[in-house]
Protein chains: 2
Amino acid sequence: MKYSSSKENYIKAIYHLEQEEPVVSTNALARQLSTKPASVTDMLKKLHEQDLLEYEPYKGVRLTESGKTVALQIIRKHRLWEFFLVEKLGFGWEEVHEIAEELEHISSRKLIDRLDEFLGKPKTDPHGDPIPDANGKMPLIEKICLMDLPTGIAADIISVSNQSADMLDLLKHYSIEIGTRLEITNRFQFDRSLQLIVQGKSKITISEHLAMHLFVVYAKETGSK
Amino acid sequence: MKYSSSKENYIKAIYHLEQEEPVVSTNALARQLSTKPASVTDMLKKLHEQDLLEYEPYKGVRLTESGKTVALQIIRKHRLWEFFLVEKLGFGWEEVHEIAEELEHISSRKLIDRLDEFLGKPKTDPHGDPIPDANGKMPLIEKICLMDLPTGIAADIISVSNQSADMLDLLKHYSIEIGTRLEITNRFQFDRSLQLIVQGKSKITISEHLAMHLFVVYAKETGSK
DNA sequence: GGTAATATTTAGGCGAATCTAAAAAAAATA
DNA sequence: TATTTTTTTTAGATTCGCCTAAATATTACC
Ligand SMILES: [Mn+2]
Ligand SMILES: [Mn+2]
Ligand SMILES: [Mn+2]
Ligand SMILES: [Mn+2]
């Protein structure tokens with residue numbers, strides 16, 4: 001089945017919002033898609049007709065299985081293209097999302113499978129988010145927000161939830177990227193800022209605002225090296 | 001300036017049709033775009049408003065300079081993507097046109113310039129057609145239809161004007177591809193078929209129908225080797 | 001030149017995706 | 001609980017790209 005770019009954007013947005021809250025509201029969608037609630041209602045009715053989501057007026061929506069399948073294919077395409085842009089074309093982190101937002105709507109299935117192969121079947125996109133495989137399976141990585149990492153436990157940066165140029169700037173300043181090993185050494189209650197040891201060497205202090213957008217997994221090897 | 005996919009398809013179609021006849025008719029466009037003449041008239045009026053073409057009712061159209069510039073950018077994108085699909089993703093000749101028909105509408109200028117670089121700034125697409133450079137300059141290659149090649153003169157296949165799977169099949173059968181050196185040794189008047197020597201070795205006879213879709217340039221080196 | 005055939009445009013309409021303004025339902029709160 | 005606020009839906013329009021049918025202009029031909 002082939003859906004319009006607009007419909008695909010709705011489906012993907014719903015998928016992402018469902019990760020936060022089990023049922024997605026009209027307003028939340030309108031905000032996410034920079035559109036008006038009235039437009040959202042219209043579209044929800046159409047997507048419901050196509051059995052992509054469960055919808056009852058005033059009750060919010062959730063994707064059906066079929067809707068989720070579609071969402072995962074779009075996310076797969078989006079993330080593979082982002083990987084391509086960064087790894088093959090040398091784009092910066094922060095530039096790729098917008099372009100992938102268009103590329104994700106290219107319809108050829110064969111194209112995306114070949115691209116996947118060409119890229120070496122990557123597991124995650126440049127921001128650390130997992131890439132669904134050809135069957136739409138996406139490994140559930142239980143990532144922890146850096147704010148929630150206990151003090152004194154080594155962990156590796158696995159993803160970032162903001163890919164603005166400003167964010168990238170700051171990360172570069174602190175020499176933090178995907179895979180960086182770090183450990184919280186101190187928490188300052190006043191502004192909830194964190195003191196960290198990065199890569200076993202530099203000691204830095206970062207804001208709560210930044211920490212909220214960083215996600216980690218517990219370190220596998222008890223990182224000496 | 002950013003134009004809809006639909007508008008871009010019109011502009012490109014007009015550009016191509018202009019190569020055949022100096023002024024493009026409503027019907028020719030409708031045929032090319034698989035749409036109806038009435039729809040074409042609608043669109044021509046819009047494109048005219050945007051100064052992309054000269055249009056007076058009943059008089060046909062021709063692109064303005066600005067229209068040609070847009071056309072060449074789309075053609076550049078189309079052909080670079082085709083090159084990418086064949087050379088990097090291993091697609092066959094005949095499969096790429098349709099996919100490129102979508103990819104050519106991705107808007108990022110930076111994307112296409114990076115892609116160009118990544119591909120090694122190729123001069124021609126997989127069908128032998130020249131790729132406009134970043135400034136929209138496209139080398140004018142004076143190609144000759146194989147039907148018009150004089151007997152006994154060596155020439156190289158430079159492009160094909162049909163990229164169907166059937167065509168590819170036949171070319172494979174005769175071991176003809178872009179770059180193949182050949183020479184006409186005989187013309188049969190009855191069905192206008194041609195006898196050729198291919199690559200100095202095999203003698204074959206091809207139909208007028210096939211020859212009409214093959215284009216050559218005179219051989220540079222007087223091909224012994 | 002007049003008539004028939006062909007090409008093109010106009011008129012009117014439709015579906016998709018959006019919008020604003022108003023109505024209605026649900027949720028929050030006094 | 002009654003009232004206010006917030007959320008959501010409905011009503012009615014607009015733009016885009018397309019369609020069919022009808023009108024009109026151009027061209028071809030007797
Ligand atoms: Mn992204
Ligand atoms: Mn998108
Ligand atoms: Mn092509
Ligand atoms: Mn196209």
Side-chain angles (χ1 to χ4, degrees), chain A residues 1-14 17-18 20-63 67 70-71 74 101-102 104-107, chain B residues 1-14 17-18 20-63 67 70-71 74 101-102 104-107:
Chain A
M1 200 114 319
K2 177 78 186 303
Y3 304 99
S4 68
S5 292
S6 189
K7 279 182 179 168
E8 289 190 347
N9 286 336
Y10 272 86
I11 294 165
K12 192 175 60 138
I14 294 166
L17 289 171
E18 270 185 356
E20 315 282 299
E21 36 198 353
V23 80
V24 177
S25 74
T26 302
N27 269 358
L29 257 176
R31 209 174 313 117
Q32 179 90 357
L33 294 167
S34 308
T35 183
K36 296 288 181 287
S39 310
V40 171
T41 301
D42 280 357
M43 185 61 94
L44 292 182
K45 284 193 256 186
K46 291 178 205 159
L47 295 173
H48 175 60
E49 303 249 306
Q50 289 177 91
D51 283 315
L52 292 165
L53 45 81
E54 290 164 35
Y55 170 65
E56 281 193 81
Y58 298 104
K59 299 239 171 124
V61 288
R62 53 199 329 161
L63 293 176
V70 173
I74 305 164
E101 205 52 55
E102 286 185 58
E104 70 189 357
H105 305 293
I106 303 292
S107 58
Chain B
M1 202 118 313
K2 177 76 185 302
Y3 304 99
S4 69
S5 292
S6 189
K7 280 182 179 169
E8 291 191 346
N9 286 336
Y10 272 85
I11 294 165
K12 191 173 61 135
I14 295 167
L17 289 171
E18 271 185 357
E20 314 282 301
E21 32 195 0
V23 79
V24 177
S25 74
T26 301
N27 269 358
L29 258 176
R31 210 174 314 117
Q32 179 90 357
L33 294 167
S34 309
T35 184
K36 296 289 180 284
S39 309
V40 172
T41 301
D42 280 357
M43 186 60 96
L44 292 183
K45 285 194 259 187
K46 290 179 204 156
L47 295 173
H48 177 233
E49 304 246 307
Q50 290 176 92
D51 282 316
L52 293 164
L53 44 82
E54 289 162 35
Y55 170 65
E56 281 193 82
Y58 297 103
K59 301 240 172 125
V61 287
R62 54 200 326 161
L63 293 177
V70 173
I74 305 164
E101 206 51 54
E102 286 185 59
E104 70 189 357
H105 305 294
I106 303 292
S107 58

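First the proteins, then the strands, lettered A, B, ... as listed; each starts at 1. Owing to the predicted nature of the structure, the values given are computational and were not obtained by experimental measurement.
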Task: Presence of donor-acceptor pair under 3.5 Å, side chain of B/Asp42 and base of D/dC18 - done: yes

For [N] and [X] - does any side-chain N or O of the residue sit under 4.0 Å from the phosphate oxygens OP1/OP2?
X	N	answer
B/Thr35	D/dC19	yes
A/Thr41	D/dT8	no
B/Lys45	C/dT10	yes
A/Lys46	C/dA17	yes
B/Tyr55	C/dT9	yes
A/Thr26	D/dT9	yes

Task: Earlier contact from the 5' end, DNA chain C, for B/Ala28 and A/Pro57 - done: B/Ala28

TODO: Starting from the 5' end of DNA chain C, give me the residue, A/Lys7 or A/Lys36, whose nearest nucleotide shows up first.
DONE: A/Lys7

- [ ] Give the minimum heavy-atom separation between B/Tyr55 and B/Lys45, together with the two atoms involved.
- [x] CE2-CG, 3.8 Å

- [ ] Write down the atom of A/Tyr3, the atom of A/Gln50, and the distance for their closest heavy-atom approach.
- [x] CE2-OE1, 3.4 Å

Roughly how many Å is it from [atom1] in [X] to [atom2] in [N], rounded to a whole number?
X	N	atom1	atom2	answer
B/Leu44	C/dA7	CG	C1'	13 Å
B/Tyr58	D/dT27	OH	P	11 Å
A/Arg31	D/dT6	CZ	P	14 Å
A/Glu56	D/dT9	CD	C1'	14 Å
A/Leu29	C/dA17	CG	C1'	15 Å

Task: Non-hydrogen side-chain atoms of A/Val61 and A/Tyr10 separated by less than 4.5 Å - done: no

Could you tell me whether [X] contacts a base, only the sugar-phosphate backbone, or nothing, with contacts defined as non-hydrogen atoms closer than 4.0 Å?
X	answer
A/Tyr10	sugar-phosphate
A/Lys59	nothing
A/Ser6	sugar-phosphate

TODO: For the pair A/Gln32 (side chain) and A/Leu17 (backbone), establish whether a donor and an acceptor sit closer than 3.5 Å, ignoring hydrogens and angles.
DONE: no

- [ ] Look only at the side chain of B/Glu102 and the backbone of A/Ser107, and say whether a donor-acceptor pair between them is shorter than 3.5 Å.
- [x] yes

Open item on the list: Checking contacts here: which listed nucleotide (D/dG17, C/dA24, C/dT9) is nearest the side-chain heavy atoms of B/Ala38?
Closed with: C/dT9

Open item on the list: Among C/dC19, C/dA7, C/dT9, which nucleotide has an atom closest to any side-chain atom of B/Asn27?
Closed with: C/dA7

